[in-house]
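A quick note: this is a predicted structure, and the numbers were derived from the prediction, not measured.
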Amino acid sequence: MAYDETSQQKRLAARLIGVGGALPKQVVTNDELAARLDTSDEWIRTRTGIRQRHLVSGDEGAVSLARDAAKRALENAGKTAADVEAIIVATSTPDQVFPSVAVRVQAALGMERGFGFDVSAACSGFVYALSMADSLIRSGQAASVLVIGVEVFSRLLDWEDRSTCVLFGDGAGAVLLEKGAGEGEGILSTHLHSDGRLGDLLYVDGAVGCCSGKVALKMQGREVFRHAVVNLAAAVDEALETNGLKGSDIQWMVPHQANLRIIDGMAKKLALPSDRVVVTVDRHANTSAASIPLALAEAVEDGRIKKGDLVLMEALGGGLTWGSALVRM
Ligand code: COA
């Protein structure tokens, strides 16, 4: 939704004050996958733009990656864990069924107050979590919220299924939101959508107590691609229209990083030159709920995205779920 703000709501609007990312140490290239699977660097690169991915090893997991990304976001904001009142983690790959990754991170950061919970919306998870955090701040329930996207998709993949395992990677990204955005600053709008009728296009069986077969991600790639192009285009139009903006007003697109062809299509729709689109899919592959905050962290840390820039984020994933967020940094 977008906001018809009263002065009370304006006072509580959320601004984004810090970002951070964390990637597993181990890098696996396309050629390394091709050495044990009937695929090739050429096939993966031309279909998806992916050249490599980071995968967890040793004691790395969802909580440790989320904690590291959160620490960087706090550092980047010049804040400490004592300043945080809530943590929302978007993930489909928690280390445990419960407690949530969010409360494990709360403990790992040494927080002694506040609350945390996880959000499950697959690759759209970060946009969903950002929207929830914005609502918590606007409603006065929390003055500062850490929003984290973290995934260890390597746990969900059938490493013998070349049509899916080459597409994903592991990682985490985090942002810190705080109340008190100035006029036209911070989270300007979020829009969320889902269509459960399309749930079987992209899913993972394996909930506790059912589906005794192997836990593995299944995807009808072509169909997902088709829905991504249509739904993301509609989501971008919706975000622009709600805010009375044109494509040319957007300074940066930080899209979900699933496939370079989908990203290029969205950039073309907005008439955005490629140097205004943050791309990490080549190095990170699809890190699901982590991909947007990881990409944002990279572009803020290397100085591309600056304070005052207008940033459009969009994502689509299993559910199907999709949505957008428009943020003035
Ligand atoms: N290496 C080599 N060949 C492969 C392969 C791989 N890793 N994976 C599939 N193939 C083969 C298929 O078996 C098929 O062969 P066939 O024609 O002999 O049957 C051929 O390549 C084409 O497969 P197809 O699935 O139709 O390819 P595609 O052009 O649709 O590309 C995706 C596949 C997955 C890259 C593409 O559909 C896609 O990106 N979809 C969207 C995925 C997405 O965004 N998902 C996440 C949303 S969060």
Side-chain angles (χ1 to χ4, degrees), residues 1-3 5 9 11-20 62 66 69-70 73-74 77 81 83-94 98-106 109 111 113-151 172-181 185-196 235 238-239 242 254 256 288-294 296-297 311-328:
M1 62 173 289
Y3 303 98
E5 294 169 325
Q9 283 167 331
R11 195 170 56 78
L12 292 173
R15 61 199 184 107
L16 199 161
I17 59 166
V19 289
L74 287 171
D83 299 311
V84 178
E85 294 189 359
I87 302 178
I88 307 179
V89 174
T91 189
S92 300
T93 48
F98 68 83
S100 62
V101 175
V103 301
R104 292 293 192 195
V105 171
Q106 182 189 27
L109 294 176
M111 283 170 61
R113 62 173 191 142
F115 61 95
F117 61 96
D118 291 0
V119 166
S120 167
C123 296
S124 312
F126 180 75
V127 173
Y128 271 62
L130 197 69
S131 183
M132 295 306 106
D134 184 39
S135 301
L136 286 178
I137 289 175
R138 285 177 186 272
S139 68
Q141 278 189 277
S144 61
V145 184
L146 258 175
V147 184
I148 305 170
V150 61
E151 299 290 8
V175 302
L176 183 64
L177 299 185
E178 191 180 70
K179 76 170 186 187
E185 185 196 23
I187 313 272
L188 304 183
S189 67
T190 59
H191 288 92
L192 306 180
H193 298 278
S194 66
D195 185 345
E238 182 181 40
T242 307
V254 183
H256 169 49
S288 190
S291 87
I292 290 178
L294 260 172
L296 184 68
V311 177
L312 176 68
M313 307 172 194
E314 41 87 341
L316 176 133
L320 291 183
T321 55
W322 66 98
S324 72
L326 198 63
V327 181
R328 176 80 67 187

Q. How long is the span from the OG atom in Ser139 to the CG atom in Asp134, to the nearest 0.5 Å?
A. 9.5 Å
Q | Results of salt bridge (Lys or Arg N to Asp or Glu O under 4.0 Å) for Arg328 - residues two or more places apart only | A | none
Q: Looking only at non-hydrogen atoms, find the nearest pair between Ala297 and Gly20 and report the distance.
A: CB-C, 3.6 Å
Q. If you round to the nearest 0.5 Å, how far is CG of Leu326 from CE of Met313?
A. 9.0 Å
**Q.** Min side-chain heavy-atom separation Val254-Val327 under 4.5 Å
**A.** no
Q: Nearest 0.5 Å please: distance from the OG atom of Ser324 over to the CG atom of Leu192.
A: 8.0 Å
Q) With sequence neighbours left out, what residues match Ala66 under side-chain contact (heavy atoms from CB on, under 4.5 Å)? A) Val101, Val105, Ile148, Val150
Q: Kindly indicate whether the side chain of Phe115, heavy atoms from C-beta on, has any atom under 4.5 Å from the side chain of Leu136.
A: yes
(Q) Going by the rule side-chain hydrogen bond (donor to acceptor under 3.5 Å, both in side chains), which residues pair with Thr321 if we only count those two or more places apart in sequence or in a different chain? (A) Ser124
**Q.** Set of residues satisfying side-chain contact (heavy atoms from CB on, under 4.5 Å) with respect to Ala133, sequence neighbours excluded
**A.** Ile88, Val145, Val147, Leu177
**Q.** Note, Val89 side chain near Arg104 side chain (heavy atom, < 4.5 Å)
**A.** no
Q: Determine, stepwise, if the pair Val127 / Trp322 fulfils side chain to side chain contact (heavy atoms under 4.5 Å, CB included).
A: CA-CA 8 Å; Val127 173; Trp322 66 98; over 6 Å; no
**Q.** Rounded distance [0.5 Å steps], CG in Leu176 versus CD1 in Ile17
**A.** 4.0 Å
Q.
List the residues meeting side-chain hydrogen bond (donor to acceptor under 3.5 Å, both in side chains) with Gln141, not counting sequence neighbours, and say none if there are none.
A. none
(Q) How close do Gly317 and Ala122 get, counting heavy atoms only, and between which atoms? (A) C-CB, 4.3 Å
Q: Quick one: pull up CG in Leu16 and CD in Glu185 and give me the separation to the nearest 0.5 Å.
A: 9.5 Å
Q) If every non-hydrogen atom of Ala73 is compared with every non-hydrogen atom of Leu146, which pair is closest and at what distance? A) CB-CD2, 4.4 Å
**Q.** Pair Leu294-Glu151, side chain to side chain contact (heavy atoms under 4.5 Å, CB included): steps then yes or no
**A.** CA-CA 11 Å; Leu294 260 172; Glu151 299 290 8; over 6 Å; no
Q. Where is the tightest heavy-atom contact between Arg138 and Ala13, given as atom of each residue plus distance?
A. NH2-CB, 3.8 Å
(Q) Are Glu178 and Asp83 packed together at the side-chain level, in the sense that at least one heavy-atom pair is separated by less than 4.5 angstrom? (A) no
Q | Gly18 to Ala77 - nearest heavy-atom pair and separation | A | CA-CB, 3.8 Å
Q: Can you measure from NE2 (His256) to OG (Ser291) and round to the nearest 0.5 angstrom?
A: 4.5 Å
(Q) Going by side-chain hydrogen bond (donor to acceptor under 3.5 Å, both in side chains), name the residues that satisfy it together with Glu85, two or more places apart in sequence or in a different chain. (A) none
Q. Which heavy atom in Ala289 sits nearest to a heavy atom in Ala90, and how many Å separate them?
A. CB-O, 3.6 Å
Q) Can you name the side-chain contact (heavy atoms from CB on, under 4.5 Å) partners of Ser100, sequence neighbours left out? A) Ala102, Val103, Asp118
